[in-house]
Number of protein chains: 2
Amino acid sequence: MTATRMTRQRREILDALDTRDFRSAQSWHEHLRSEGSTVGLATVYRALTALADAGEVDSVVSESGETLYRRCEAGEEHHHHLRCRVCGRAVEIDVPSFESYAAAIATEHGYAEISHTIELTGVCPACAARDRG
Amino acid sequence: MTATRMTRQRREILDALDTRDFRSAQSWHEHLRSEGSTVGLATVYRALTALADAGEVDSVVSESGETLYRRCEAGEEHHHHLRCRVCGRAVEIDVPSFESYAAAIATEHGYAEISHTIELTGVCPACAARDRG
DNA sequence: AGCGTGACTGATAATCATTGTCAATAAGGA
DNA sequence: TCCTTATTGACAATGATTATCAGTCACGCT
Ligand SMILES: [Zn+2]
Ligand SMILES: [Zn+2]
Ligand SMILES: [Zn+2]
Ligand SMILES: [Zn+2]
């Protein structure tokens with residue numbers, strides 16, 4: 001019944017994704033092409049959304065509304081990020097006290113099916129240095 | 001030098017925005033039209049982005065990438081929301097300990113110009129009831 | 001009250017990210 | 001190898017947002 005096939009394209013995409021930078025589907029596609037891959041844009045979109053649904057990659061929606069992806073660190077659990085808004089480089093952070101607080105405040109207001117978003121963005125040391133020249 | 005003029009359209013838009021629901025520009029436009037206004041879609045977009053830039057309305061980016069707006073109770077002050085992902089109804093929450101925590105963890109990683117996003121989403125009591133109805 | 005200027009408006013075209021279409025291709029089990 | 005069908009990729013289509021630009025009107029000034 002299940003039937004997920006391991007194709008050349010999927011292997012290429014998995015290989016390209018790293019755990020350092022958050023990039024858009026279009027950006028990953030460009031990156032793959034520049035490395036010689038011939039993978040199509042639609043395929044990159046399909047693979048990334050599928051991987052995100054499967055929880056194998058992280059996705060965040062940027063301030064401008066683009067969806068950004070990166071591969072998770074091994075063995076994924078719920079976590080949040082501190083991301084560079086210039087280059088996409090990100091580190092994972094955890095916000096221990098918030099997790100329970102979120103549930104409490106939500107039920108207090110009668111809201112169900114709660115989910116939450118916590119993202120920190122800034123300019124990483126490398127990009128800050130580059131700015132100064 | 002400054003030159004922001006109070007037009008009929010801007011007055012209508014300001015009047016329409018309420019402090020209860022987060023809606024997209026298109027949704028506010030529909031709402032205005034249904035009330036008899038003849039305001040154009042582009043004008044609604046322009047007014048909302050201007051108001052958001054001026055800090056007079058809050059804007060959040062939804063999971064699907066749409067930008068949602070509403071007028072807020074807390075004036076200019078920084079705050080966060082618990083929003084219904086079905087109807088947009090939202091309440092303001094505060095996350096007391098987080099503000100300083102965000103700054104600390106960011107500088108710890110060398111990131112500058114920090115900003116953060118915290119949004120809770122769920123299904124409000126009214127929408128939950130309607131689901132069952 | 002009348003005038004002039006430039007900010008504002010609205011219909012529409014353009015843009016941009018993302019999704020849908022569909023014929024051709026190629027995993028992977030028999 | 002052969003068959004079934006998931007997958008691919010070029011391209012069209014969508015949907016939100018932004019840019020154009022000619023016509024309009026707010027508002028300071030006389
Ligand atoms: Zn950076
Ligand atoms: Zn969390
Ligand atoms: Zn608010
Ligand atoms: Zn609701």
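Chain letters run A, B, ... following the sequence lines, proteins first and then strands; every chain starts at 1.
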Quiz item: Phosphate oxygens OP1/OP2 of D:dG9: is one of them under 4.0 Å from a side-chain N or O of A:Q9?
Solution: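 Yes, within the criterion.
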
Self-check item: Polar side chain donor-acceptor pair, A:R8 to A:S37, under 3.5 angstrom
Solution: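 Not at all, the side chains of A:R8 and A:S37 share no donor-acceptor pair under 3.5 Å.
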
Self-check item: Qualifying salt bridge (Lys or Arg N to Asp or Glu O under 4.0 Å) pairs, either residue in residues 26-35 of chain A, two or more places apart
Solution: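 The answer is none; no pair qualifies.
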
Quiz item: With sequence neighbours left out, which residue pairs that include part of residues 54-71 of chain A fulfil the salt bridge (Lys or Arg N to Asp or Glu O under 4.0 Å) condition?
Solution: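 Every salt bridge (Lys or Arg N to Asp or Glu O under 4.0 Å) pair that includes a residue of residues 54-71 of chain A, provided the two are not neighbours, is A:E63-A:R83, A:R70-A:E92.
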
Going by salt bridge (charged side-chain N to carboxylate O under 4.0 Å, His left out), name the residues that satisfy it together with [X], two or more places apart in sequence or in a different chain.
X	answer
B:D53	none
B:E119	none
B:R10	none

For [X], what residues pass the side-chain contact (heavy atoms from CB on, under 4.5 Å) criterion, not counting sequence neighbours?
X	result
A:S97	B:S97
B:A112	none
B:S59	B:A52, B:T67, B:Y69

Exercise. Specify the separation, in whole Å, of atom CD of A:E66 and atom C1' of C:dT19.
Key: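 Those two atoms, CD and C1', are 16 Å apart.
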
Quiz item: Between A:R11 (CZ) and D:dT7 (C1'), how many Å, whole number?
Solution: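 In whole Å, D:dT7 C1' and A:R11 CZ are 13 Å from each other.
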
Exercise. With heavy atoms under 4.0 Å as the rule, sort A:S24 into base, sugar-phosphate or nothing.
Key: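 Contact class for A:S24: none.
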
Quiz prompt | Connected-component partners of A:V91 among ILVMFWY, side-chain separation under 4.5 Å | solution =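 For the cluster that includes A:V91, the remaining residues are A:L82, A:I93, A:V95, A:F98, A:Y101, A:I105, A:Y111, A:I114, A:I118, A:L120, B:L82, B:V91, B:I93, B:V95, B:F98, B:Y101, B:I105, B:Y111, B:I114, B:I118, B:L120.
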
Exercise. Starting from the first five and the last five pairs of the helix from C:dA1-D:dT30 to C:dA30-D:dT1, work out the angle between the resulting helix axes, to 10 degrees.
Key: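 It comes to 40° between the two terminal axes.
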
Practice problem: Could you identify which residues of residues 30-57 of chain B place a heavy atom less than 4.0 Å from some atom of DNA chain D, listed by residue number, or say none? | Solution: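 Correct list: B:A42, B:Y45, B:R46.
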
Distances for protein N or O near nucleotides 25-28 of chain C N or O, under 3.5 Å:
residue, atom, partner, partner atom, Å
C:dA27, N3, A:R5, NH1, 3.2
C:dG28, OP1, A:M6, N, 3.0

